[in-house]
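Please read the structure below before turning to the comments.
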Amino acid sequence: MPSVFLHDWNLSPAEAIALQKRLAGRVEREDRLGEVRHIAGVDIGFEQGGAITRAAAVVLAWPPRAPGAFEVVEQVVHREPTRMPYIPGLLSFREVPAALGAFGQLSRRPDLVMVDGQGVAHPRRLGVASHLGLWLDLPAIGVAKSRLCGRHGEPGPARGDWTPLTDGPDDEVIGAVLRSRVGVKPLFVSPGHRVSLATALRWVVGCLGRTKLPEPTRLADRLASRRGQAANFS
DNA sequence: GCGACAG
DNA sequence: ATCTTGTCGC
């Protein structure tokens, strides 16, 4: 597993970075969503000490039956040999191939995708959520648990409070630091593809249940890391 | 040269 | 991300 090659392409890190710069120009940050009925959550986990990459995709129906109570329409898991080590800024080359494998197993094409990671809040404005959204040609939102780049203040204490995440000498707004739950470290939300920051925030807040992570990402995260599976024989 | 660094 | 027990809190 040479670290100098990425994804299915034979790319060196320098070439991968050049590719990110080119693809970033195709990322749309203006809203272009149709009617949303199915929202997919995507996340990646690992098995066997990292040798196997495990991608999970969960599809939830919108709107929820009650605030925070979503119906799981479909959920799939795709496993494959891990092809890349983790390199900050190049996460998509490690996770997108597996994520695409999971999407290939879905019987439906979701209307919106939430990814565990950054969207345009990335050094070259092409985080894993943007890369996947671009590849699938679907509206996508990045929901990360920590910061990759950018500056920000402390968001207010109430659920839904947020403060902009900025970067560069011109203080470009690349995302938002969102308080998804009282008393818990905030989330880093950013547009992945075909959505504005305001819309991204709207959907993330709308998908919040009782936990820090929005339901799509929380359920995918749980499935990817194999939690919530041993609880079948009560 | 010295930090920072999604998952 | 993952390795891991108990423990604090609602």
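So you know, we letter chains A, B, ... as the sequences are listed, proteins then strands, and number each from 1. A quick note: this is a predicted structure, and the numbers were derived from the prediction, not measured.
Atom C1' of nucleotide C/dT2 and atom CZ of A/R94 are separated by 10 Å, given to the nearest angstrom. Put simply, CD on A/Q48 is 19 Å from P on C/dA1, counting in whole angstrom units. Taking atom CG of A/L91 as the reference point, atom C1' of B/dA4 lies 16 Å away to the nearest angstrom. Remark: P of B/dG7 and CD of A/E95 are 9 Å apart, rounded to the nearest angstrom. One can place OH of A/Y86 at 10 Å from P of B/dC5, the figure rounded to the nearest angstrom. The CG-P distance, from A/L223 to C/dA1, rounds to 14 Å in whole Å. At whole-Å resolution of the value, CD in A/Q20 and C1' in B/dC5 are 14 Å apart. To the nearest angstrom, P of C/dA1 lies 7 Å from CG of A/D43.
More than 12 heavy atoms of other residues, nucleotides or ligands lie within 6.0 Å of CZ in A/R124, so this atom counts as buried by the packing criterion.
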Quiz item: Just the dot-bracket of DNA chain C, please: which string comes out with Watson-Crick or G-U pairs under 3.5 Å, [ ] for crossing, | for another strand?
Solution: ..........

Exercise. With salt bridge (Lys or Arg N to Asp or Glu O under 4.0 Å) as the test, would you mind laying out the steps for A/R125 and A/E172 before giving the verdict?
Key: CA-CA 11 Å; A/R125 308 295 179 259; A/E172 176 192 0; 3.1 Å; yes

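Looking only at atom types and distance, the side chain of A/D31 has a donor-acceptor partner in the side chain of A/S196 under 3.5 Å away. With no hydrogens or angles considered, a side-chain donor-acceptor pair links A/E74 and A/S107 at under 3.5 Å.
For the pair A/R37 and A/E35, the salt-bridge criterion is met [side-chain N within less than 4.0 Å of a carboxylate O]. Under the 4.0 Å criterion applied to side-chain N and carboxylate O atoms, A/R22 and A/E15 are not assigned as salt-bridge partners. Ion pairing between A/R218 and A/D43 fails under the 4.0 Å rule for side-chain N and carboxylate O. A salt bridge is absent between A/R210 and A/E215; no separation between the charged side-chain nitrogens and carboxylate oxygens falls under 4.0 Å.
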Quiz item: What string of B, S and - do you get for nucleotides 5-10 of chain C 5' to 3' if you count protein non-hydrogen atoms under 4.0 Å?
Solution: ------

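Residue-level contact check: A/F46 touches the backbone only, with heavy atoms under 4.0 Å from sugar-phosphate atoms and none from bases. Base engagement by A/G127 is indicated by at least one non-hydrogen atom pair under 4.0 Å involving a base atom. Residue contacts shown for A/G50 are absent, as no nucleic acid heavy atom lies under 4.0 Å away.
The nucleotide whose nearest atom lies closest to any side-chain atom of A/R147 is, among B/dC5, B/dA6, C/dA1, B/dC5.
Note on A/S146: a side-chain N or O is less than 4.0 Å away from OP1 or OP2 of B/dG7. Taking only side-chain nitrogens and oxygens, A/K145 never comes nearer than 4.0 Å to OP1 or OP2 of B/dA6.
The side chain to side chain contact (heavy atoms under 4.5 Å, CB included) test with A/R54 singles out one residue from A/Q48, A/H78, A/R226, and that residue is A/R226.
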